[in-house]
Colleague: 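Next up is a structure, given as structure tokens.
Just so it is clear: chains get the letters A, B, ... in the order the sequence lines come, proteins before strands, and each one is counted from 1.
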Amino acid sequence: MSSIGGLGAGLALFAGMLVLMAMRTPIAIAMFVPGAVGYALLASPDALFNHLKGAAFARYSAFDLSVIPLFLLMGQFATHGGLSRALFGLANALIGHLRGGMAMAAVLACAAFGAICGSSVATAATVTQVALPEMRRHNYSGRLATATLAAGGTLGILIPPSVVLVVYGILTEQNIARLFAAAFIPGIIAAALYLAAISIYVRLHPDQGPASERHSKAERIALLKAVWPVAAIFLIVFGGIYGGLFTPTEGAAVGAASAMFAGLARRELDAAAIRECFLGAAETTGMIFLIFLGADMLNAALALSQMPAQLAQAVAASGWPPLAVIVAILLFYVLLGCVMDELSMIVLTIPILFPAVMALDIYGLDATAKAIWFGILVLCVVEVGLIAPPVGLNVYVVHSYARDVPMSDTYRGVLSFLAADTVRIVLLLSFPAISLWLAKVLVP
Amino acid sequence: MSAASIIGRFAGRPIQGDFELVQLGCAVAISFCLPYCQLRRGHIIVDFFTVRASERTRGALDTVGALLLALVMALVAWRTGAGALAMKASNETSMIMGVPVWYAYALMTPAFVLTAAAGLDTALQSWRAR
């Protein structure tokens, strides 16, 4: 095996994975099998067996990882607790009367919901259920309505908490609180750019997002009262984390508990619904951690093949300008995002690409700043994969609630939001301070 | 369900070395989410390349996929079990509270066995449903 060199062996492992994936093998297993076979060939079967003795325990007992099931649970309670209805109701009462205002309200509801939920799919699904019927009732076009919700859903993983960001933080050994802090401003920029995209879109196609009736002040105040649990949960969790009261794991536990109490107090959750929430969180936890197991195996084999180190050397020796390398990596993520889900992508590629990125000199940033800046960029790029054709997971989710709107129509509507995403990514690339400033202030 | 609640109960307690219990408890709880996820067919697959394939082909591929999963999980279960014995023999304990680490290994092993069994079960179902 050594005769073909590290890159060759690494590519063979990747090829094995892609073939298995194309054949509907669960992604985690598609990574594990070539990883295990490669490990046995590059080292020996005994070495593989020895490695596997502690592999599962080592990964599953990583303390930072316990934050994932808890944030998932918090998102489940928030979803089943009817909080998205309150958020959309308020946003709609405030700006729904504008042209395209209801779509903008949906984006704001997604952004606010993203502040207590770490998953894009969950955010897209829950806001769609409340916002889509309203938009259709007010004669919004299916194209604008579904595209808005698919794109708005991506704010769920950008605005903290974010499961993807936790995973990135664990793989690169970065402080999770600092990563969350870095995502706030990019999240707000993302929402603002989406609002701009909608306003340009309805100016070009006024019939697709007509203005509707204005709400009275009394209505607005009543709706404002319904939204306070979301604000309270957000402030408790992040105030506690940044005030030094608790660790992210404890913050997530407190957040999950308070989201449950909010649901109970609003009489939206009963015993059966709470059971559903726990089961839903358990299922997603199982999915994520099997991916960890598979990606770890493949990465162990890749490390044996020395591919990541050789790749880092090759990149450093190539003489490409550092930013060009970053752009190439981001484009690679967009391509990969066409076939893989965001978590598998990150778990698989970060151990390979991260050393190469850290070896680059970018704006003279120190190691921590570079890791955080790159993490936010990667997060933004994998989001693109969630709404871009041919397989945008969020588009599928929204489509399942809007069977009458062809998916090709949604993809056409999504183009304006992809333009907004591109603007945001260019901004983040050019001005690292957008992500780094708040991180430095909150977690010195 | 118990899985997630165990994690939730532990995470707020200010006891010396409590994070060790969380760590060990989490490792066990998380591993018990795997078989549940497989029974619900919650593990992600890529169906982009097989959208146009017939039901029969897809059923056959899903059978193979679930069998591979069962095989991998059987391997992991076997090795984690061996890890438990090794940890017991070497008397390894956690740093502060002195909890024997092999407990966690021993409790994780049945979770992986169950996942392998769940894989066999879903393989059988996919084959029958072709």
Colleague: Walk me through whether B:L71 and A:V33 qualify under side-chain contact (heavy atoms from CB on, under 4.5 Å).
Modeller: CA-CA 10 Å; B:L71 188 72; A:V33 172; over 6 Å; no

Colleague: Between A:I288 and chain B, which part of the residue has a heavy atom less than 4.5 Å away: side chain, backbone, both or neither?
Modeller: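 Answer is neither: A:I288 stays 4.5 Å or more from chain B.
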
Colleague: Looking only at heavy atoms and a cut-off of under 4.5 Å, which of B:C37, B:G83, B:P35, B:A66 has the most pairs with chain A?
Modeller: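 The residue among B:C37, B:G83, B:P35, B:A66 with the greatest pair count is B:C37.
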
Colleague: Report yes if the side chains of B:L34 and A:T285 come closer than 4.5 Å at any heavy-atom pair, otherwise no.
Modeller: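 Not in contact.
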
Colleague: Could you pull out the closest heavy-atom pair between A:K53 and B:Y105, with the gap in Å?
Modeller: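 The pair with the smallest heavy-atom distance is O-CE2, 3.4 Å.
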
Colleague: With a 4.5 angstrom heavy-atom cut-off, is it the side chain or the backbone of A:I68 that approaches chain B, or both, or neither?
Modeller: neither

Colleague: Find out whether A:L52 and B:W78 are in side-chain contact, i.e. whether some heavy atom of one side chain is under 4.5 Å from a heavy atom of the other.
Modeller: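 Contact flag for A:L52/B:W78 side chains = no.
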
Colleague: Please give me the minimum heavy-atom distance between B:T50 and A:A22, naming the atom from each residue.
Modeller: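 Here B:T50 and A:A22 meet closest at CG2-O, 3.8 Å.
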
Colleague: For B:V64, which atoms come within 4.5 Å of any heavy atom of chain A: side chain, backbone, both, or neither?
Modeller: neither

Colleague: Where does A:A256 contact chain B at under 4.5 Å (heavy atoms): side chain, backbone, both or neither?
Modeller: neither

Colleague: Using a cut-off of under 4.5 Å for heavy-atom pairs, which of B:D62, B:V101, B:T80, B:T57 has the most such pairs with chain A?
Modeller: B:D62

Colleague: Heavy-atom count around B:Y103 OH within 6.0 Å, excluding the residue itself: above 12?
Modeller: no

Colleague: Between A:A36, A:P26, A:S344, which shows the greatest number of heavy-atom pairs under 4.5 Å with chain B?
Modeller: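 Sorted descending by pairs with chain B, the first entry is A:P26.
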
Colleague: Can you tell me which portion of B:M73 sits under 4.5 Å from chain A's heavy atoms? Options are side chain, backbone, both or neither.
Modeller: side chain

Colleague: Assess the residue pair B:I44 and A:M287 against the criterion (side-chain contact (heavy atoms from CB on, under 4.5 Å)); give the C-alpha distance rounded to whole Å, side-chain angles, the decisive distance to 0.1 Å, and a yes or no.
Modeller: CA-CA 7 Å; B:I44 327 178; A:M287 176 200 97; 3.6 Å; yes

Colleague: To the closest 0.5 Å, what do you measure between CG (B:L61) and OG1 (A:T25)?
Modeller: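 Rounded to the nearest 0.5 Å, the CG-OG1 separation comes out at 7.5 Å.
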
Colleague: Could you tell me which portion of B:L39 (side chain, backbone, both or neither) has an atom closer than 4.5 angstrom to a non-hydrogen atom of chain A?
Modeller: neither

